[in-house]
**Student:** 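Dropping the structure in here first, questions after.
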Amino acid sequence: MAANQAAEAEGGRPARTAPTTRASRTSAKGEQTRARLIAAARTLLAGDGLARFSTRNVAALCGISHGMCHYHFQDRTDLIVAVARDIGPEWIGPMEAAVDRPGPFSERAERVIGLLTQPEGPDLSRLHSALHWFALSDDRVRDAVDGEYRRWRECFVRLFQVLADEHDGAFDPVPLGTALAAAADGLAAIQSLDARVETEASVRALVSGLAAAAVRP
């Protein structure tokens, strides 16, 4: 069979390729529509549309029918959960990369400090606020948001795990990583209200203070 196909190709006839099926075209179009709906949901949540956030308004902003929106998302909660997962790569992804790239604790800590001193963009900040607001009254949103924040906290736990390994497991990295995550979140909230806050000095004090306390004899 393989020899026949090779002979046909050598004889000038084009080799067969797998045809593009209707199912694959439909799947690609569906993914594009889903992505457009998530983008429209993000626009509403990050803008002034929090109070009027609904699948109907998202569909209208996206320029598709309300029924098509419900084809991709069962209800408003499904759409909010999709947004929570969609923004993860933007704020968690860089931190995971900074922590997991090879190097000693000092190098990884510098990368982490560099990221923590960058102000969060206004759209992302408003999205986080909206997601927290919905999480207060919707358990499914709460679970999704909690899952993303657990990934965020785990970055800092892994950072201090490197330091613990350098000191032969002298301490448990979980409390330190959790403390740094909580402090970083609080500092971001303060910075969003007062740009005069010395973010880098504060973050450096946090990281160095926690590290020094952990390895102190």
Side-chain angles (χ1 to χ4, degrees), residues 45 77 80-217:
L45 288 173
T77 295
I80 297 170
V81 167
V83 169
R85 291 171 179 160
D86 186 64
I87 66 174
E90 297 174 31
W91 64 288
I92 305 174
M95 188 62 71
E96 288 176 330
V99 170
D100 294 336
R101 276 168 51 199
F105 172 80
S106 58
E107 291 181 5
R108 300 185 199 215
E110 280 300 316
R111 294 195 291 262
V112 167
I113 291 169
L115 287 175
L116 290 178
T117 54
Q118 296 176 12
E120 187 175 58
D123 284 352
L124 194 56
S125 179
R126 286 193 288 267
L127 278 171
H128 278 138
S129 295
L131 291 170
H132 278 258
W133 189 87
F134 281 114
L136 293 175
S137 57
D138 190 314
D139 287 342
R140 286 162 59 201
V141 176
R142 180 187 178 89
D143 288 344
V145 173
D146 177 59
E148 295 302 296
Y149 272 90
R150 276 189 277 112
R151 279 182 59 196
W152 171 252
R153 292 193 299 272
E154 181 60 28
C155 292
F156 304 110
V157 172
R158 292 203 300 275
L159 173 65
F160 283 105
Q161 181 66 63
V162 173
L163 182 63
D165 291 343
E166 291 176 356
H167 291 268
D168 301 320
F171 63 91
D172 180 1
V174 175
L176 277 73
T178 303
L180 179 56
D185 291 339
L187 187 59
I190 294 172
Q191 188 184 31
S192 69
L193 299 173
D194 187 355
R196 296 170 298 178
V197 173
E198 293 290 339
T199 308
E200 182 173 355
S202 300
V203 172
R204 285 192 179 279
L206 281 168
V207 175
S208 62
L210 288 169
V215 300
R216 185 176 298 143

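Just so it is clear, the model here is predicted, and its values are computed rather than measured. FYI, the numbering just counts along the sequence from 1.
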**Student:** Can you check side-chain contact (heavy atoms from CB on, under 4.5 Å) on Leu116 and Thr199, steps first, answer last?
**Tutor:** CA-CA 8 Å; Leu116 290 178; Thr199 308; over 6 Å; no
**Student:** What are the two closest non-hydrogen atoms of Ile190 and Val197, and how far apart are they?
**Tutor:** CG2-CG2, 3.6 Å
**Student:** Sorted by first residue and then second, give each ring-ring contact (aromatic ring centres under 6.0 Å, His included) pair with at least one member in residues 80-127; sequence neighbours left out.
**Tutor:** Trp91-His128, Trp91-Tyr149, Trp91-Trp152, Phe105-Phe160
**Student:** State, to 0.1 Å, how close Leu115 and Pro94 come at their nearest heavy-atom pair, and which atoms those are.
**Tutor:** CD1-O, 3.4 Å
**Student:** Could you give all pairs that pass the side chain to side chain donor-acceptor pair (under 3.5 Å) test and reach residues 103-114, with sequence neighbours left out?
**Tutor:** Glu110-Arg204
**Student:** In plain terms, say whether Asp143 and Arg140 are close enough for a salt bridge, that is, a side-chain N and a carboxylate O under 4.0 Å apart.
**Tutor:** no
**Student:** When rounded to the nearest 0.5 angstrom, what distance separates CD1 in Ile92 from CZ in Arg153?
**Tutor:** 10.0 Å
**Student:** Counting only heavy atoms from other residues, nucleotides and ligands, does the tally under 6.0 Å from CD of Glu166 exceed 12?
**Tutor:** yes
**Student:** Quick check for you: to the nearest 0.5 Å, what is the distance between Leu45 atom CG and Ser129 atom OG?
**Tutor:** 11.0 Å
**Student:** Of all the heavy-atom pairs spanning Pro173 and Val157, show the shortest one and how long it is.
**Tutor:** CB-O, 3.6 Å
**Student:** Return each pair, listed once, that meets salt bridge (charged side-chain N to carboxylate O under 4.0 Å, His left out) where at least one residue sits in residues 208-217; pairs must be two or more places apart or across chains.
**Tutor:** none
**Student:** Kindly give the heavy-atom pair with the smallest separation between Val207 and Ala109, and that separation in Å.
**Tutor:** CG1-CB, 4.1 Å
**Student:** Evaluate side-chain contact (heavy atoms from CB on, under 4.5 Å) for Leu176 paired with Leu163, printing each intermediate quantity in order.
**Tutor:** CA-CA 11 Å; Leu176 277 73; Leu163 182 63; 5.7 Å; no
**Student:** Within this structure, what is the CG-CG distance for the pair Asp185 and Leu180, rounded to the nearest 0.5 Å?
**Tutor:** 9.5 Å
**Student:** Looking at side-chain heavy atoms only, is the closest gap between Val112 and Phe156 below 4.5 Å?
**Tutor:** yes
**Student:** Scan residues 166-210 for pairs that pass ring-ring contact (aromatic ring centres under 6.0 Å, His included), counting only residues two or more places apart or in two chains.
**Tutor:** none
**Student:** Out of Val145, Val141, Val83, which one pairs with Phe134 under the side-chain contact (heavy atoms from CB on, under 4.5 Å) rule?
**Tutor:** Val141
**Student:** Would you please name every residue forming a side-chain hydrogen bond (donor to acceptor under 3.5 Å, both in side chains) with Gln161, sequence neighbours left out?
**Tutor:** Asp165
**Student:** Under the rule for side-chain hydrogen bond (donor to acceptor under 3.5 Å, both in side chains), what residues qualify as partners of Asp86, not counting sequence neighbours?
**Tutor:** Arg42
**Student:** When you check the gap from the basic side-chain N to the acidic O, do Arg151 and Glu148 get nearer than 4.0 Å?
**Tutor:** yes
**Student:** Given the rule in the side-chain contact (heavy atoms from CB on, under 4.5 Å) test, do Asp138 and Ile80 qualify, once you have shown the distances and angles that lead to the verdict?
**Tutor:** CA-CA 10 Å; Asp138 190 314; Ile80 297 170; 5.9 Å; no
**Student:** Measure across Val174 and Asp172 and return the closest heavy-atom pair with its distance rounded to 0.1 Å.
**Tutor:** N-OD1, 3.1 Å
**Student:** As a quick check of understanding, evaluate salt bridge (charged side-chain N to carboxylate O under 4.0 Å, His left out) for Arg142 and Asp139, giving each step before the final call.
**Tutor:** CA-CA 5 Å; Arg142 180 187 178 89; Asp139 287 342; 5.5 Å; no
**Student:** Please report the closest heavy-atom contact between Ala144 and Ala84, naming both atoms and the distance.
**Tutor:** CB-CB, 4.4 Å
